[in-house]
Amino acid sequence: YRVGVAIFESGTGRPLRASPVQSGVLEGLQQEGFKTRDLIATSSLQERPSPEQARKLFGGKVDFLVVGDVSLRFSSETSGLTFYRARGIIEGIAPATGRTVVTLESEAKGGGLDHDRAARKALGNLAKRLRTEIGPALEGVLE
């Protein structure tokens, strides 16, 4: 199956082009044998498409479109460390029908000596979780 992946920032809807979450989802799908296509890098998506828009834009180009929303928020500061919490909601959409066939929600925490390191760690931990969850979840729907 050909799968497109597009990850966006929650709230603003901006594409996350160089996100560890985008890379993690792509890697997880490739590990399960899916042929992936990074739609952010190869198209002019400026905002998250609805299932109907996905159907119009990607029908025939991919068999499934994996679309995600990622949010990052400050969690706490303790003993000189800063913590952030990253949350991702990932949907697998079948462009042929416009139906959402799988939805995953995941959350991860990350800490560091400053805000930037803590935020990167939280996003990296979320990417690791999604990398291991997305392939089996989409494959389970196809069986």
Side-chain angles (χ1 to χ4, degrees), residues 1-77 81-143:
Y1 292 98
R2 299 166 300 158
V3 180
V5 176
I7 305 296
F8 299 87
E9 184 180 314
S10 286
T12 67
R14 290 187 318 215
L16 294 175
R17 288 183 170 85
S19 167
V21 176
Q22 173 106 356
S23 299
V25 170
L26 284 165
E27 289 169 16
L29 289 166
Q30 289 165 350
Q31 287 173 355
E32 294 296 322
F34 291 100
K35 293 182 182 178
T36 58
R37 182 170 175 203
D38 175 357
L39 292 171
I40 295 290
T42 59
S43 73
S44 59
L45 280 177
Q46 295 302 314
E47 61 184 25
R48 188 187 199 284
S50 68
E52 183 60 32
Q53 289 170 320
R55 191 174 142 208
K56 288 178 183 174
L57 292 169
F58 304 110
K61 294 179 185 172
V62 296
D63 300 305
F64 295 95
L65 176 62
V66 173
V67 180
D69 290 306
V70 174
S71 62
L72 183 66
R73 64 181 167 80
F74 174 76
S75 181
S76 64
E77 280 189 75
L81 292 176
T82 301
F83 293 92
Y84 273 82
R85 190 168 291 284
R87 183 169 189 260
I89 299 173
I90 307 294
E91 294 179 334
I93 299 168
T97 63
R99 262 187 51 229
T100 299
V101 295
V102 66
T103 301
L104 284 175
E105 283 189 50
S106 196
E107 201 169 286
K109 191 174 183 180
L113 296 174
D114 59 41
H115 288 277
D116 191 45
R117 285 184 189 167
R120 281 198 316 264
K121 185 71 172 174
L123 288 170
N125 289 341
L126 178 63
K128 287 176 189 174
R129 281 198 175 156
L130 291 172
R131 179 175 39 242
T132 60
E133 295 172 0
I134 188 62
L138 190 55
E139 195 170 65
V141 173
L142 301 176
E143 293 174 347

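What's counted below: heavy atoms across the whole structure, side chains too, no hydrogens, waters or symmetry copies. From a predicted model like this one, the values you see are computed outputs, not experimental measurements. Counting from 1, the numbers follow the sequence of the chain as shown.
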Task: Atom pair CG/NZ of Asp116 and Lys121 - distance to nearest 0.5 Å - done: 14.0 Å

Task: Nearest heavy-atom neighbours spanning Ala119 and Leu72 - done: CB-CD2, 3.5 Å

Task: Which atom of Arg2 lies closest to which atom of Lys61, heavy atoms considered - done: NH1-O, 2.9 Å

TODO: In sequence, state the C-alpha distance, the side-chain angles, and the governing distance for Arg117 and Arg120, and then conclude on side chain to side chain contact (heavy atoms under 4.5 Å, CB included).
DONE: CA-CA 5 Å; Arg117 285 184 189 167; Arg120 281 198 316 264; 3.6 Å; yes

TODO: Please step through side chain to side chain contact (heavy atoms under 4.5 Å, CB included) for the pair Phe64 and Val141, ending with a clear verdict.
DONE: CA-CA 11 Å; Phe64 295 95; Val141 173; 5.8 Å; no

- [ ] Compare all side-chain heavy atoms of Glu9 with those of Ser71 and state whether any distance is below 4.5 angstrom.
- [x] no

- [ ] Measure the OG-CD distance between Ser23 and Gln30 for me, rounded to the nearest 0.5 Å.
- [x] 9.5 Å

Open item on the list: So Leu113 and Thr82, do their side chains get closer than 4.5 Å, heavy atoms only?
Closed with: no

Open item on the list: Can you confirm whether Tyr1 sits close enough to Val62 that some side-chain heavy atom of one is under 4.5 Å from a side-chain heavy atom of the other?
Closed with: no

Open item on the list: If you compare all heavy atoms of Phe34 against all heavy atoms of Val3, which two are closest, and at what distance to 0.1 Å?
Closed with: CD2-CG2, 3.6 Å

Open item on the list: Donor-acceptor check, side chain of Asn125 to backbone of Ala108, threshold 3.5 angstrom: yes or no?
Closed with: no

Task: Residue pair Leu126 / Val70: nearest heavy atoms and the distance that separates them - done: CD2-CG1, 4.1 Å

Task: Ala118 versus Gly112, closest heavy-atom pair with distance - done: CB-N, 3.6 Å

Open item on the list: For the backbone of Arg14 and the side chain of Thr12, can you confirm whether one donor and one acceptor N or O come within less than 3.5 Å of each other?
Closed with: yes

Task: Contacts of type side chain to side chain contact (heavy atoms under 4.5 Å, CB included), residue Lys35, not counting sequence neighbours - done: none

Could you tabulate the donor-acceptor pairs under 3.5 Å formed by side-chain atoms of residues 84-94, not counting sequence neighbours?
| unit_1 | atom_1 | unit_2 | atom_2 | d |
| --- | --- | --- | --- | --- |
| Tyr84 | OH | His115 | ND1 | 3.0 |
| Arg85 | NH1 | Glu107 | OE2 | 3.2 |
| Arg87 | NH2 | Glu105 | OE1 | 2.4 |
| Glu91 | OE1 | Arg48 | NH2 | 3.0 |

Task: Closest non-hydrogen atom pair between Ile134 and Val25, with its separation - done: CG2-O, 3.9 Å

Task: Nearest-0.5 Å distance, CZ of residue Phe58 to CG of residue Leu65 - done: 5.5 Å

Open item on the list: So, applying side-chain contact (heavy atoms from CB on, under 4.5 Å) with Pro20, which one of Leu123, Ile7, Leu130 is it?
Closed with: Leu123

Open item on the list: Applying salt bridge (Lys or Arg N to Asp or Glu O under 4.0 Å), can you list everything that pairs with Arg99, at least two apart in sequence or on another chain?
Closed with: none

